[in-house]
Structure formats: structure tokens, C-alpha cells
Asks: 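Sharing a structure, written as C-alpha cells. Questions coming.
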Amino acid sequence: MSTTQINKPVIGITIGDINSIGAEIIIKTFMDTRMMEFCTPVIFASNKTINFYRKLMNENNFNYQSIKDFTRLNHKQVNVYNCWEEEVQITPGVLNETGGKYAARALEVAIKCLKDGYITGLVTAPIHKNNIQSANFNYTGHTPYLRDSFNAKDVLMFMTADNMRVGLLTEHVPLADVAKYVTKDNILGKLHMMRDSLVKDFGIDQPRIAVLGLNPHAGDEGLIGREEIEQIAPAIRHAKGNGILCFGPYSADAFFAREMFKQFDGVLAMYHDQGLIPFKSLASGNGINYTAGLGIVRTSPDHGTAFDIAGKNVADPDSFRQAIFTCLEILEQRERYADNTRNPLKKTELASE
């Protein structure tokens with residue numbers, strides 16, 4: 001085996017809900033064997049699950065190697081890490097307890113392998129936030145689960161595409177509760193994470209960040225709410241004083257309608273739909289979800305389980321494929337950043353010898 005093959009990043013891929021489109025978009029992505037030039041994929045699922053969808057999709061030419069440990073890892077082929085051996089009934093398009101149970105199993109095993117250093121990065125196929133709930137998974141999605149799994153103080157749900165990057169102050173929070181999270185401290189925390197991620201993960205030395213208001217017309221100077229005056233604007237001023245190039249608060253409707261996002265490297269939205277509706281509308285199917293603030297790299301497609309089309313062989317793998325490439329790009333950029341900032345005095349001395 002060549003050194004190039006051994007040094008390829010090993011990317012862990014969780015199956016997601018086994019009744020969703022997860023297996024389909026994974027198989028479609030790696031049917032293109034050129035993907036193996038960039039990484040060594042490890043799908044966390046079971047042979048029987050992959051075989052079920054391979055036959056359903058009539059993709060008998062999709063080849064993989066089954067492994068139960070990483071001593072048999074094949075760098076020239078797709079690997080399937082068996083997370084369970086028992087017979088499991090797969091019912092595409094059906095929302096049930098089984099789909100959530102095995103989505104959680106795959107995620108748990110993948111995170112252990114990530115912590116143990118067997119995989120380099122993680123790409124997660126969609127889960128359903130309701131049927132995955134259990135004593136071991138009491139979270140509103142991947143993002144807070146990963147935060148606690150890696151003992152991070154906080155993380156940033158960061159939606160990225162070629163033409164825009166949108167981070168969320170609040171994620172899966174009921175709209176009626178959003179305002180109580182719009183505080184100066186919370187905003188500052190997310191701004192610091194976004195700035196650090198733009199520098200270390202995306203290679204932008206002096207990123208410009210836009211901050212959206214919470215209320216219509218960004219509060220109209222207090223006429224339609226005071227969060228902009230009392231929390232958001234003070235946070236922006238404080239962040240600027242600490243070297244973060246941030247601006248706002250902007251009225252969300254005009255900001256996206258006038259394509260002002262093109263003037264910034266990142267946008268901080270106050271709540272889920274404020275950020276994701278324009279993002280998904282403008283990202284042209286190439287958007288992905290990145291969890292900033294972790295020591296590891298995790299990405300996912302920007303869509304959900306799509307039970308309505310599961311099992312019909314019509315799911316589009318573009319976002320999932322882009323999630324793979326973004327994971328690889330961030331891993332590479334992190335190495336570049338670490339190299340560029342590693343003991344500059346020592347590097348200068350070596351260069352002069």
C-alpha cells in the first residue's frame with residue numbers, strides 16, 4: 001500500500017435514520033469511485049442495511065468491505081463498520097422507533113472511533129429529532145449532542161456554501177423562547193466562535209461578520225422591540241473593541257433581498273428560520289451544516305430525513321457530497337493554520353540555517 005493511500009483522511013459517515021434517504025445519498029455519493037482518491041470512507045451502519053438499499057436501488061456494482069475493527073481498513077474501497085449484527089426491519093419512508101434507535105447506535109460508535117483516533121473527520125446523514133429520543137439521546141439534534149460528547153462549552157451551528165456562511169445564535173428553540181437567548185453574552189460567544197472558525201477553518205485572516213436584528217426592521221430604533229438597542233448593538237460594540245470586524249444589526253429581510261451578505265464572510269442570525277430560509281433558498285443545493293467550536297470536524301447535508309421520498313431512488317446526493325468535500329477542506333485548512341502558527345521563531349531559525 002502506498003504512502004499516499006495510507007495518508008488519506010479516514011472519514012466516518014453515520015447512516016442516520018435507517019428509514020430515511022441517508023443510505024441512498026451515501027451510496028450515490030460513493031458510486032463515483034473517484035471519491036476514493038480524496039478520502040477513505042467508513043460508513044457506520046451494518047452490512048444488511050447497506051445491502052438492503054443497494055438492492056432497492058439496483059446498484060449491485062456498489063462494492064464495499066465489511067469491517068468490525070480498523071485493522072482491516074481498506075484504503076482503496078468503501079468500508080462498512082458493523083455497528084450491529086441483529087436482524088432489523090427496514091421500512092423506507094416510515095417514521096418509527098427502529099429508525100431512531102439505530103441512527104443513535106451508529107452515531108455513538110462513530111464518536112467513540114473519532115475519540116480513539118481511528119477516523120479523521122465525521123459526516124452525518126440526517127436523523128429525525130423526535131424518534132431518536134431516548135435515555136442516552138435527550139437532545140434536539142446532532143449539534144448539542146456533539147457539544148456534550150466532546151465537552152465543549154458551546155458550539156456554533158454554521159451553515160456554509162460557496163456564496164455565503166450563516167451561523168445561528170439559537171438553533172432548535174421554539175420561536176416563543178428565542179428572545180430570552182438574545183443576550184449580549186450569548187451573542188459575543190457566538191461571534192468569537194464564528195471569527196475563530198473563519199480564520200482557522202476557512203483561511204480568512206480578517207473576516208467581516210454581519211449581525212442580524214431580532215425584530216422586524218431591526219426594531220425600528222426601539223419601536224418594534226428593544227433587543228437591538230439593549231443587547232445586540234452593545235454586543236457588536238464590545239466585539240469590535242476586541243478586534244472582531246462585525247457590523248449591524250441589520251434588518252434580515254433587506255439584508256438578504258439586497259444581497260448584502262455578499263459583502264461579508266459570515267452572518268450571525270438570531271434564530272433558525274431567520275438564517276436557514278434565506279440560506280437554503282440561495283445556496284443552490286450546495287449548502288452544508290458545519291459544527292464550529294469543536295476540536296474535531298463534523299459536517300452534514302443541509303436537509304433532513306425526507307421520508308416522503310425515501311426508498312424511491314430519487315434523493316439528490318449533492319449536499320451530502322459537498323459535506324464530504326467541506327469536511328476534507330476544513331481538515332486541510334486546520335493543518336495549514338497549525339503549520340503557519342507553529343513556533344514562528346523556530347521556523348525562522350531553521351530557514352536561516
Asks: After noting the C-alpha distance and the side-chain angles of T98 and Q89, does the key distance pass the side-chain contact (heavy atoms from CB on, under 4.5 Å) rule?
Replies: CA-CA 8 Å; T98 301; Q89 184 176 8; 5.9 Å; no
Asks: F325 vs F38 aromatic rings, parallel, tilted or perpendicular, using cut-offs 30° and 60°?
Replies: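 Geometry flag for F38 against F325: perpendicular rings.
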Asks: Cation-pi check for F62 against R54: NZ or CZ below 6.0 Å from the six-membered ring centre and within 45 degrees of the axis, yes or no?
Replies: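 Here R54 fails the 6.0 Å and 45° test against F62.
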Asks: I'd like to know if the side chain of D69 pairs up with that of T71 as donor and acceptor (distance under 3.5 Å, no hydrogens or angles considered).
Replies: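 Side chains of D69 and T71: pair found under 3.5 Å.
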Asks: Does N242 reach the main-chain N or O of H238 with its side chain, forming a donor-acceptor pair under 3.5 Å?
Replies: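 Yes; judged by distance alone, with no hydrogens or angles, the pair exists.
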Asks: Are T160 and T326 side-chain neighbours, meaning at least one heavy-atom pair lies under 4.5 Å?
Replies: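 Yes, side chains in contact.
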Asks: Any side-chain heavy-atom pair from Q333 and K200 closer than 4.5 angstrom?
Replies: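 Side chain of Q333 against side chain of K200, heavy atoms only: no contact under 4.5 Å found.
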Asks: On the 0 to 90° scale, with breaks at 30° and 60°, tag the H128-F307 ring pair as parallel, tilted or perpendicular.
Replies: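 Geometry flag for F307 against H128: tilted rings.
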Asks: What do the steps show when you test E259 against K262 for salt bridge (Lys or Arg N to Asp or Glu O under 4.0 Å), and what is the final call?
Replies: CA-CA 6 Å; E259 298 188 339; K262 293 182 178 180; 3.0 Å; yes
Asks: Indicate if F320 and L328 have the same hydrophobic cluster label, given that clusters are the connected sets of ILVMFWY residues with side-chain heavy-atom separations under 4.5 angstrom.
Replies: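 Yes, F320 connects to L328 through the hydrophobic network.
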Asks: Mind jotting down which residue pairs meet the side-chain hydrogen bond (donor to acceptor under 3.5 Å, both in side chains) criterion with at least one end in residues 265-277? Sequence neighbours excluded, please.
Replies: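 As it turns out, there is no side-chain hydrogen bond (donor to acceptor under 3.5 Å, both in side chains) pair with a partner in residues 265-277 once direct neighbours are skipped.
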Asks: Under 4.5 Å between any side-chain heavy atoms of I209 and V267, yes or no?
Replies: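 With C-beta onward as the side chain, the pair stays apart.
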Asks: What about the rings of F256 and F279, do their centers lie closer together than 6.0 Å?
Replies: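 Between F256 and F279, the centre distance exceeds or equals 6.0 Å.
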Asks: Do N215 and E227 have side-chain atoms, one donor and one acceptor, less than 3.5 Å apart?
Replies: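 Checked: N215/E227 side chains pair up, N/O donor to acceptor below 3.5 Å.
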Asks: Do M194 and V166 land in one hydrophobic cluster if side-chain heavy atoms of ILVMFWY residues count as linked below 4.5 Å?
Replies: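 Result: no, two separate clusters.
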Asks: Step by step, work out the side-chain contact (heavy atoms from CB on, under 4.5 Å) result for K129 and H172.
Replies: CA-CA 10 Å; K129 295 170 183 60; H172 300 114; 3.2 Å; yes
Asks: Please check: side-chain N/O of T170 versus main-chain N/O of V173, any donor-acceptor pairing under 3.5 Å?
Replies: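 No; zero donor-acceptor contacts below 3.5 Å.
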Asks: Hey, what's the ring geometry for F137 with Y139, parallel, tilted or perpendicular (30° and 60° as the breaks)?
Replies: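 Correct class here is perpendicular.
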Asks: When you group the ILVMFWY residues by side-chain heavy-atom contacts below 4.5 Å and let the links chain together, are V155 and L169 in the same group?
Replies: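 No, no single cluster joins them.
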Asks: Apply the side chain to side chain contact (heavy atoms under 4.5 Å, CB included) test between I127 and each candidate in T305, I15, I132, T14; give the one that qualifies.
Replies: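 For I127, the side chain to side chain contact (heavy atoms under 4.5 Å, CB included) test succeeds with only one of T305, I15, I132, T14, which is I132.
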Asks: Taking the six-membered ring of F158, is the NZ or CZ of R165 close enough (under 6.0 Å from the centre) and on axis enough (within 45°)?
Replies: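 No, a cation-pi geometry is absent between R165 and F158.
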Asks: Taking NZ, NE, NH1 and NH2 as the nitrogens, is one of them in R321 or D318 under 4.0 Å from a carboxylate oxygen of the other?
Replies: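 A salt bridge is present here (some side-chain N lies under 4.0 Å from a carboxylate O).
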Asks: Without hydrogens or angle criteria, can the side chains of N47 and S66 be said to hold a donor-acceptor pair below 3.5 Å?
Replies: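 A pair is found: one side chain offers a donor N or O, the other an acceptor, under 3.5 Å apart.
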Asks: Could you tell me if the side chain of Y337 sits less than 4.5 Å from the side chain of F202, heavy atoms only?
Replies: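 Side-chain contact under 4.5 Å: no.
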Asks: Please examine the side chains of L168 and L156, heavy atoms only from C-beta on, and report whether any two atoms are closer than 4.5 Å.
Replies: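 The answer is no; the side chains never approach within 4.5 Å.
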Asks: Taking 4.0 angstrom as the limit, do D201 and R334 come out as a salt bridge?
Replies: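 Yes, D201 and R334 are salt-bridged.
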Asks: With a 4.5 Å limit on heavy-atom distance, are the side chains of V211 and M270 in contact?
Replies: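 They are in side-chain contact.
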Asks: According to salt bridge (Lys or Arg N to Asp or Glu O under 4.0 Å), does anything in residues 289-308 pair up with another residue at least two apart or in another chain? List the pairs.
Replies: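 Applying salt bridge (Lys or Arg N to Asp or Glu O under 4.0 Å) to every pair that reaches into residues 289-308, excluding sequence neighbours, yields nothing.
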Asks: Honestly curious: do Y118 and I296 fall in one hydrophobic cluster under the side-chain, below-4.5 Å linking rule?
Replies: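 As far as the 4.5 Å side-chain criterion goes, I296 and Y118 are connected within one cluster.
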Asks: Could you go through the side-chain contact (heavy atoms from CB on, under 4.5 Å) check for N51 and Y64 one step at a time?
Replies: CA-CA 10 Å; N51 280 331; Y64 66 88; 3.1 Å; yes
Asks: Measure up the F255 and Y250 rings against each other and bin them: parallel (under 30°), tilted (30 to 60°), perpendicular (over 60°).
Replies: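 Taking Y250 first and then F255, their aromatic rings sit tilted (interplane angle of 30° to 60°).
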Asks: Can you confirm whether K112 is buried at NZ, in the sense that more than 12 heavy atoms of other residues, nucleotides or ligands lie under 6.0 Å from that atom?
Replies: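 No, the 6.0 Å shell around NZ holds no more than 12 heavy atoms from other groups.
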Asks: Hey, are the side chains of L56 and P92 touching, using non-hydrogen atoms and a 4.5 Å cut-off?
Replies: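 Yes; the side chains approach each other to less than 4.5 Å.
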Asks: Please determine, by modelled atom types, if N96 and N131 share a side-chain donor-acceptor pair under 3.5 angstrom.
Replies: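 Absent: no donor and acceptor within the cut-off.
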Asks: Crowded around Q65 CD? As in, over 12 foreign heavy atoms under 6.0 Å?
Replies: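 Yes, enclosed.
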Asks: Salt-bridge test for E86 and R105: reply yes if a basic N is under 4.0 Å from a carboxylate O, no otherwise.
Replies: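 Yes, charged N to carboxylate O under 4.0 Å.
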Asks: For E230, give me all partners under salt bridge (charged side-chain N to carboxylate O under 4.0 Å, His left out), at least two apart in sequence or on another chain.
Replies: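 Salt bridge (charged side-chain N to carboxylate O under 4.0 Å, His left out) list for E230, sorted by chain: R226.
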Asks: Taking the side chain as every heavy atom from C-beta outward, state whether L122 and V297 have any pair of such atoms under 4.5 Å apart.
Replies: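 A side-chain contact is absent here, since even the closest heavy-atom pair is not under 4.5 Å.
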Asks: Less than 6.0 angstrom from the centroid, inside 45 degrees of the normal: does K115 satisfy that with respect to the ring of F150?
Replies: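 Yes, cation above the ring, under 6.0 Å and within 45°.
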Asks: Are I50 and F44 grouped together when hydrophobic residues (ILVMFWY) are joined by side-chain heavy atoms under 4.5 angstrom apart?
Replies: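 No, because I50 and F44 fall into different hydrophobic clusters, even though each may have its own neighbours under 4.5 Å.
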Asks: Check the side chains of S319 and H303 for a donor-acceptor pair under 3.5 angstrom, ignoring hydrogens and angles.
Replies: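 No, no side-chain donor-acceptor contact under 3.5 Å.
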Asks: Determine whether a donor-acceptor pair (N or O, by modelled atom type, separation under 3.5 Å) exists between the side chain of E335 and the backbone of I330.
Replies: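 Between the backbone of I330 and the side chain of E335 there is no qualifying donor-acceptor contact (under 3.5 Å).
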Asks: Look at E332 together with R336 and state whether they make a salt bridge at an N to O cut-off of under 4.0 Å.
Replies: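 Between R336 and E332 there is a salt bridge, with a charged N closer than 4.0 Å to a carboxylate O.
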Asks: Under the criterion side-chain contact (heavy atoms from CB on, under 4.5 Å), I'd like the reasoning laid out for L282 against K280: C-alpha separation, chi angles, the key distance, then a yes or no.
Replies: CA-CA 6 Å; L282 298 167; K280 291 187 177 184; over 6 Å; no
